Each structure stands twice: as structure tokens, then as C-alpha cells.
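Chain identifiers are assigned alphabetically (A, B, ...) following the order of the sequence lines, protein sequences preceding nucleic acid strands; residue numbering begins at 1 within each chain. Small disclaimer: the values here were computed from a predicted structure and weren't measured.
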Number of protein chains: 2
Amino acid sequence: MVQPHAIGRLSLYRRLLTDHLNPGTQFVFSHELATMARVSPAQVRRDLMHLDSTGSPSKGYRVDELVASLGNELDHPTGQLVALVGIGNLGRALMTYFQGRRERLAITAAFDRDPEKVNRVYQGCRCHHVEELETVLKRDNIRTTILAVPAADAQRMADRLVAAGVRGLLNYAPVPLRVPNDVYVEEQDMTTALERVAYFARERRPPRRED
Amino acid sequence: MVQPHAIGRLSLYRRLLTDHLNPGTQFVFSHELATMARVSPAQVRRDLMHLDSTGSPSKGYRVDELVASLGNELDHPTGQLVALVGIGNLGRALMTYFQGRRERLAITAAFDRDPEKVNRVYQGCRCHHVEELETVLKRDNIRTTILAVPAADAQRMADRLVAAGVRGLLNYAPVPLRVPNDVYVEEQDMTTALERVAYFARERRPPRRED
DNA sequence: GTAGCGCTGTGAGGCGATTCACAGTATCGC
DNA sequence: GCGATACTGTGAATCGCCTCACAGCGCTAC
Ligand SMILES: NC(=O)c1ccc[n+]([C@@H]2O[C@H](COP(=O)([O-])OP(=O)(O)OC[C@H]3O[C@@H](n4cnc5c(N)ncnc54)[C@H](O)[C@@H]3O)[C@@H](O)[C@H]2O)c1
Ligand SMILES: NC(=O)c1ccc[n+]([C@@H]2O[C@H](COP(=O)([O-])OP(=O)(O)OC[C@H]3O[C@@H](n4cnc5c(N)ncnc54)[C@H](O)[C@@H]3O)[C@@H](O)[C@H]2O)c1
């Protein structure tokens, strides 16, 4: 019913409301959120339709109520732990970036196989040897993982993660993963992204709506 | 005519053919590429339809010919230069990752405003002060840029880049950019990506095709 | 009190992307 | 040589997401 794109926008709306609104703003209209998110007002209203928070004509949506509803939809009620596998250049950047950003979505387990990194602490999170993967994931009941290992190891690591109970994977390795279809994978393929940008920086009409 | 998703897949096909095929393989079938790319065979054939390389029944597509055609479609004939703005944790990871990966798509200009970083060399690429942005971009005729500055600076920097002639932007700052609509922007929003993965790791049926 | 305005919530329709399904064809076995 | 086979290329059908458009309504002005 609620599809990936819509969930992504809900996440964006929340961030815009909490981080990029004049502090003290009590109400927003769909067209204001739409402008910030670069989508149409109708899109915003449709996305918010299923939430329990409802807008009023003439005032719009109560910001605090909306943020709460969004949290309700997006966050695990008591908090959800995330594992990060591969503490290389990208892994460390991600660790720095995500840490402390959301109360209910924190990286609490890191893994690598490089002895240099094992047992070092990154952003308050100790790096385990990758052999402890299964133990730690099961102990902490972790179902969400960021994968930042080299391409050659990605599929094997994904298999282990899935076997250990992981149901959501954010994959930075530039190879599409094969997983059972009750596991959600999001491919974050930066090479593709850059090549696409390069392509459209040159060729043809760029595919975007007027405004 | 050729849409962003299709271009993204072409980029992926090429990478799969060059990096993940048994060396020596001379032909591939659409269903083989499809399996590697995690898409349907019909999708592969449709994507390749417009290329000048054509498949043969009973043999499939010639790999070398296909790779050449893909390069033909995706690459700038004589090479395309890319700028990277913001040499922080993420910027440095990206620099390391992209450098030397494609002959015709290389990061050749880096910018930051931190005096610590200016004039240091990262992956063979000297970091300029951001005030030299316009000069360098125009001198090298750069139209493709990766943006990895803090959210607060992203829009302003995007405006400067567009004014300096940039027509394609890969944005890592977690704020959607407002640009004229002859400029192509790709938002790489990692927070959204992680929150979406977390969401689908919990809730409902995951949205994927059988196989 | 009531008219007017401008917004929300949403059914219906439209549109782009994907899949279906098959005609056309190169190859193989005999 | 010729039938069987399995693939490509592609028109047509389908699907899912997004936008249109408007009924319903709360607020404001007077
Ligand atoms: N750096 C980037 O900006 C960037 C961009 C796009 C994609 N990627 C992809 O992300 C992945 C990581 O990139 P990176 O730049 O951080 O590489 P990196 O080489 O710096 O880091 C890889 C890390 O993974 C660890 N590792 C290797 N095999 C492992 C295994 N089997 N189990 C656990 N840990 C293992 C290594 O010890 C290392 O710490 C790669 O697949 C890369 O292609 C990176
Ligand atoms: N680190 C990550 O993994 C990650 C993940 C997702 C998104 N991001 C986003 O990417 C961006 C960069 O992240 P980071 O972790 O590298 O941050 P960072 O603070 O490490 O680096 C930012 C860099 O930009 C430079 N900078 C700041 N203002 C500038 C300006 N006006 N002109 C030129 N350079 C300027 C700073 O000197 C610094 O070197 C941020 O917007 C961040 O939200 C980062």
C-alpha cells in the first residue's frame, strides 16, 4: 500500500520540518512543504493522507503534530539498531554522518576483518571482527544493515547477513545483491549515479517538471 | 526518449560486463545480463534496443561490441571532467573511489574553503580554494559536479555552480536543490535511504518481483 | 449570520515505465 | 535440406505512480 517512494518522501518531509523550518513555525501548508521538497502540493497531500495527523483548511498542518505522526510511521516504537559492515573510507564517513542523528535509529554494531580496525572504536561504536557477526546480530536482534565492503565480498556478506536475520540492507557495493524476496535491499550505486549525471549534463532534454 | 532509469541500467550493464563476467566470455544472452543486473530479460533487451550493437539469436550479444556501444552511449567522446566541491569525510571517500575508475570521466578539480585543505593534493588532484571555483570551471569547461558540502551551504553552492555553467549535479547534501530546469540534479539522500531500509526491514510486504 | 476564499482529502484519469507475447531468424542435429 | 529450438526485437497491453480537479469545509470579514 505505502510504496518506497512515498516512504522516502515522508522521511524527507520530516527532515525538512525539523531542520529547515523557521523555528516557531506552528503550521505548514502542503504547498510550502512541496516547495521545500521539490514535489507537487498534491503529492504532499497524498503522502500525508494516510497519516493520523490531519490538516485544516486555512491553517494547513500543525507542525508538531505532523512531525509526531511522521515519527510514528517511520520510526520503530522503541528504537531500531543498525549494523555497519566494512569500516573503510566510506564506512567511516557513514559512521560519522549517521551517528547521533536519530534517536531511534542508531548504528550500534560495526564489523570489519582488518585486524587494524578490529577493537578500535569509531564514533563510540566498537568494531567487531566480522566472525562475530552472527553472534552480535542475534544478541542485539539487529535486522537492518549497511553494507560497505568491497564488491567481491558483498554477495557473500549479504548471504551471511540474511541468514543471521537481517531483513533490510543498504548496499554501497557496486553490485546488485541477490536476496530472498522478503528482504528489502536498497542499492546505492554511486558509479551509476555519476555516469547518469554526466550523461544528462550533456545530452538531450533533462527530465524534469516545470515550476 | 531515453530516460534516467534506462541510462542507469546501461551504466550497470557495462560494469557487469567489464568487471563481473568470466574473462574470455565472448557472448551474453539477455537473460544472463538480466540475472546479474536483477532485472527482467525483456527489460535488458528493451534497454539495448536503441544501441547500435545488435544481438543474434542463438548466440546473444557480442560482449566486446556491446561494451563499445555502451561506452558510445554513456561516455563523452573525448572525455568529460568532473569537479568535486567539499573535501570532507565523504568528499575524500568519493575522491578515492572514483579516481582512476573511468578513463573518460575523471575528477580533475576539487574545492574546499578550509585553509587546511586548500592546496593539499588528494588522489593526484589539488584542492583549490572555493573562491577559484568560477575561474577553474570555466577554464576547464567543467559541466558536471559532485556536491559534498554541508546542507547549509548546498543551495548557495549549487547556484554558483549553475551560474558557472554546470549542467549536471550529484548532490550528497541532504537538502533538495532548486535549479533551473535545464540542469539535471541527482539527489543522493542517504538519510532517506537508511530510513526507508529500516522501515521495510520491519513493516509490511517488501515491494519486489518474484524470481 | 453569512458570503467568500483558499485550503485539504481524494476519486478519477493520465502517463511513463515495465512486462507480455509473438513474429522473425540464426543455429544445430540429423 | 529441413525441422526443431531458443533467442532477439518490438507492438501492444498492463501496471503503478502522479497529477488533475473538485467537493467539502474552516476561517475571516463585515
Ligand atoms: N569510498 C566511496 O566513496 C565509495 C563510493 C561508492 C561505492 N563504494 C563502495 O563501498 C565499498 C567500500 O568502499 P570503501 O571506499 O570504504 O573501500 P575500502 O577498501 O576503504 O574499505 C573496505 C573495508 O571493508 C573491509 N572488508 C573487506 N572485506 C571484508 C569482509 N569480508 N568482511 C568485513 N570487512 C571487510 C576492509 O577491511 C575495509 O576496511 C566498496 O564496495 C566500494 O566499491 C565506495
Ligand atoms: N559523511 C557521510 O557519509 C555523509 C552521508 C550522507 C550525506 N552527507 C552529506 O555530505 C555533505 C558532506 O559531508 P561530510 O561528512 O563530508 O562533511 P564534512 O564536514 O566532513 O565535510 C564538509 C566539507 O565541506 C567544506 N565546506 C564547507 N562549506 C564549504 C563551502 N561553502 N565551500 C566549499 N567547501 C565547504 C568543509 O571545509 C569540509 O571540508 C554534508 O552535506 C553531509 O550532510 C555525508
Answer yes or no: is there an ion pair linking B/Arg102 with B/Asp75, defined by an N-O contact shorter than 4.0 Å? no

Are B/Arg156 and B/Asp153 ion-paired here, with the side-chain N under 4.0 Å from a carboxylate O? yes

[N] [atom2] sits how many Å from [X] [atom1], rounded?
X: B/Phe29; N: D/dT8; atom1: CZ; atom2: C1'; result: 10 Å
X: A/Ile7; N: D/dC17; atom1: CD1; atom2: P; result: 12 Å
X: A/Leu48; N: C/dT8; atom1: CG; atom2: C1'; result: 10 Å
X: A/Arg45; N: C/dG6; atom1: CZ; atom2: C1'; result: 11 Å
X: B/Arg62; N: C/dT27; atom1: CZ; atom2: P; result: 12 Å
X: A/Asp47; N: D/dG16; atom1: CG; atom2: C1'; result: 14 Å
X: A/Gln3; N: C/dA17; atom1: CD; atom2: C1'; result: 15 Å
X: A/Leu66; N: C/dT8; atom1: CG; atom2: C1'; result: 13 Å

Out of C/dA21, C/dT19, D/dC25, minimum distance to the side chain of A/Pro57 belongs to D/dC25

Both A/His31 and B/Ala42 contact DNA chain C. Which one's nearest nucleotide lies toward the 5' end? A/His31

Would you check if there is a donor-acceptor pair between the side chains of A/Tyr97 and B/Thr191 at a distance under 3.5 Å? yes

Under 3.5 Å, is there a donor-acceptor pair between the B/Thr192 and A/Arg15 side chains? yes

[X] side chain N/O closer than 4.0 Å to the phosphate oxygens (OP1, OP2) of [N]?
X: A/Gln43; N: D/dC17; value: no
X: B/Thr54; N: D/dT8; value: no
X: B/Ser58; N: D/dC7; value: no
X: B/Ser56; N: C/dA26; value: no
X: B/Tyr61; N: C/dA26; value: no
X: B/Arg9; N: C/dT18; value: yes
X: A/His5; N: D/dC18; value: yes

hbond_proxy B/Arg46 side chain to C/dT18 base (donor-acceptor, 3.5 Å cutoff): no

Of all residues at least two apart in sequence or in a different chain, which pass the side chain to side chain donor-acceptor pair (under 3.5 Å) check with A/Gln26? none

